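Shown next, in C-alpha cells, is the structure this report addresses.
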Amino acid sequence: MILDRSFFARSVHEVAPALVGCTLLVDGVGGTIVEVEAYDAADPASHGYRGQTPRNRSMFGPPGHAYVYRSYGIHWCLNLVCGEEGTAEAVLVRALEPTQGLETMATRRGLDDPRLLCSGPGRLCQALGITAAHDGLPLDAAPFELREPAGEAEIVRGTRIGLTQAADVPWRYALAGSRFLSRPVRS
DNA sequence: CACAGGATATACT
DNA sequence: GTATATCCTGTGA
C-alpha cells in the first residue's frame, strides 16, 4: 500500500509511530524506516515554532510533502509534513535499515558498512541523494516511494536527540531491537 | 572522548 | 554589525 496525502493529513503524533516500519525509497534506493521524531507547532524545538521563514516554508505547506533543510551548515535532513496545511507539523526521519540500492548508497557515503549508511538524519540524506532539490516535493510521486509495512511493527518510544528545548517529551519512535538506529533509545 | 566544520535564525550591541 | 545556538558527522586523541 502506497502512503498518500490522507495518511499524513492528521496529527503528527499519530503519523510518527505509524511511519516506523514503512519503506522509504528515493529513485529506488533506500530501506525500512527504523527511527523518527515528531515536531508540532507548539514545540519550541520545532523550526515552525517561531513562524514561517524562507528556509522552513515547505513545513507550512500541504501535508504529504517533503521539508528538507540544511543542518549545522553541512548535512541535509528530511522531514515529512503532517497535519493540515499551515499547522507546521512534521516528522524528522532519523534512520533507515538499508534494503535497496546498497551499492549506490555505499558509493555516495564513501563506505560500505550497512550500519553506517543511513543511521542518522544527515547520513540517510547523503545515502539517498536527498538535497534542497527535494524540498517541497510530494511524497506520493517520483522520485519518492513510501509504502506501508507488510506486518505490524513493534515500536519503542523515547526522548529526542540533540535538543535543549523540550528535551523531555518522548516524541522519538524507533523499531524495537533495530541495529540501525542513530543512537540507543532513551526514555 | 573532544572538536572542527559552517548555513540559518535569533538576540543582542 | 557581532555573538550564540542549532532536529549532526567525521576524524583524531
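Chain letters run A, B, ... following the sequence lines, proteins first and then strands; every chain starts at 1. All heavy atoms count here, side chains included; hydrogens, waters and symmetry mates do not. The structure displayed is predicted, hence computed values, not measured ones.
Residue contacts shown for A/Arg160 are absent, as no nucleic acid heavy atom lies under 4.0 Å away. Note on A/Arg172: nothing from the nucleic acid sits closer than 4.0 angstrom, heavy atoms only. No contact: A/Ser182 has no heavy atom under 4.0 Å from any strand.
The side chain to side chain donor-acceptor pair (under 3.5 Å) test applied to A/Ser6 returns A/Asp4, not counting sequence neighbours.
Rounded to an integer number of Å, the gap from CZ of A/Arg108 to P of C/dG10 is 16 Å. In this structure, A/Arg55 places its CZ atom 11 Å from C1' of C/dA5, rounding to the nearest Å. Rounded to whole Å, the distance from NE2 on A/His75 to P on C/dT11 is 12 Å.
Distances shorter than 4.0 Å separate some side-chain N or O of A/Thr53 from OP1 or OP2 on B/dA9. For A/His47 and C/dC7, the shortest distance from a side-chain N or O to OP1 or OP2 is below 4.0 Å. Between A/Arg109 and C/dT9 there is no side-chain N or O to OP1 or OP2 distance below 4.0 Å.
Comparing B/dA9, C/dC7, C/dG10 by their closest approach to the side chain of A/Pro54 singles out B/dA9. Listed nucleotides: C/dG10, C/dC7, B/dA9. Nearest to the side chain of A/Met59: C/dC7. Distances were taken from every side-chain heavy atom of A/Arg123 (C-beta onward) to each of B/dG5, C/dT9, C/dC8; the shortest belongs to C/dT9. Ranking C/dC7, C/dG10, B/dA7 by closeness to the A/Arg70 side chain, first place goes to B/dA7. Relative to the side chain of A/Leu163, the nucleotides C/dC7, B/dT8, C/dG10 differ in distance, and C/dC7 lies closest. Side-chain proximity of A/Arg50 to B/dA9, B/dT10, B/dA7: nearest is B/dT10. Here the side chain of A/Tyr39 is nearest to one of C/dG10, C/dC7, B/dA9, namely C/dC7.
Taking 4.5 Å as the limit, some side-chain heavy atom of A/Leu3 sits within range of a side-chain heavy atom of A/Glu148. Side-chain contact between A/Pro121 and A/His75: absent, with no pair of heavy atoms (C-beta onward) separated by less than 4.5 Å. For the pair A/Leu102/A/Leu117, a side-chain contact is recorded, criterion being any heavy-atom separation below 4.5 Å from C-beta on. Put simply, the side chain of A/Gln100 does not reach to within 4.5 Å of the side chain of A/Val29, judged on heavy atoms. Between A/Val34 and A/Arg94 there is no side-chain heavy-atom pair separated by less than 4.5 Å.
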Could you write out DNA chain B as a dot-bracket string, with dots for unpaired bases, | for bases paired across to another strand, and Watson-Crick or G-U pairs counted at under 3.5 Å? |||||.||||||.
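Where A/Leu116 and A/Gly162 meet DNA chain C, the nucleotide closest to each residue was compared, and A/Gly162 sits on the side nearer the 5' end. Nearest-nucleotide positions on DNA chain C for A/Tyr67 and A/Leu111 put A/Tyr67 closer to the 5' end.
Scanning atom types as modelled, no donor and acceptor separated by under 3.5 angstrom connect the side chain of A/Tyr72 and the base of C/dC7.
Taking atom C1' on both B/dC1 and C/dC7, the two are 23 Å apart, rounded to the nearest angstrom.
A salt bridge links A/Arg160 to A/Asp43: at least one charged side-chain nitrogen sits closer than 4.0 Å to a carboxylate oxygen.
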Evaluate side-chain hydrogen bond (donor to acceptor under 3.5 Å, both in side chains) for A/Gln126 paired with A/Arg109, printing each intermediate quantity in order. CA-CA 6 Å; A/Gln126 187 183 15; A/Arg109 294 273 298 117; 2.7 Å; yes
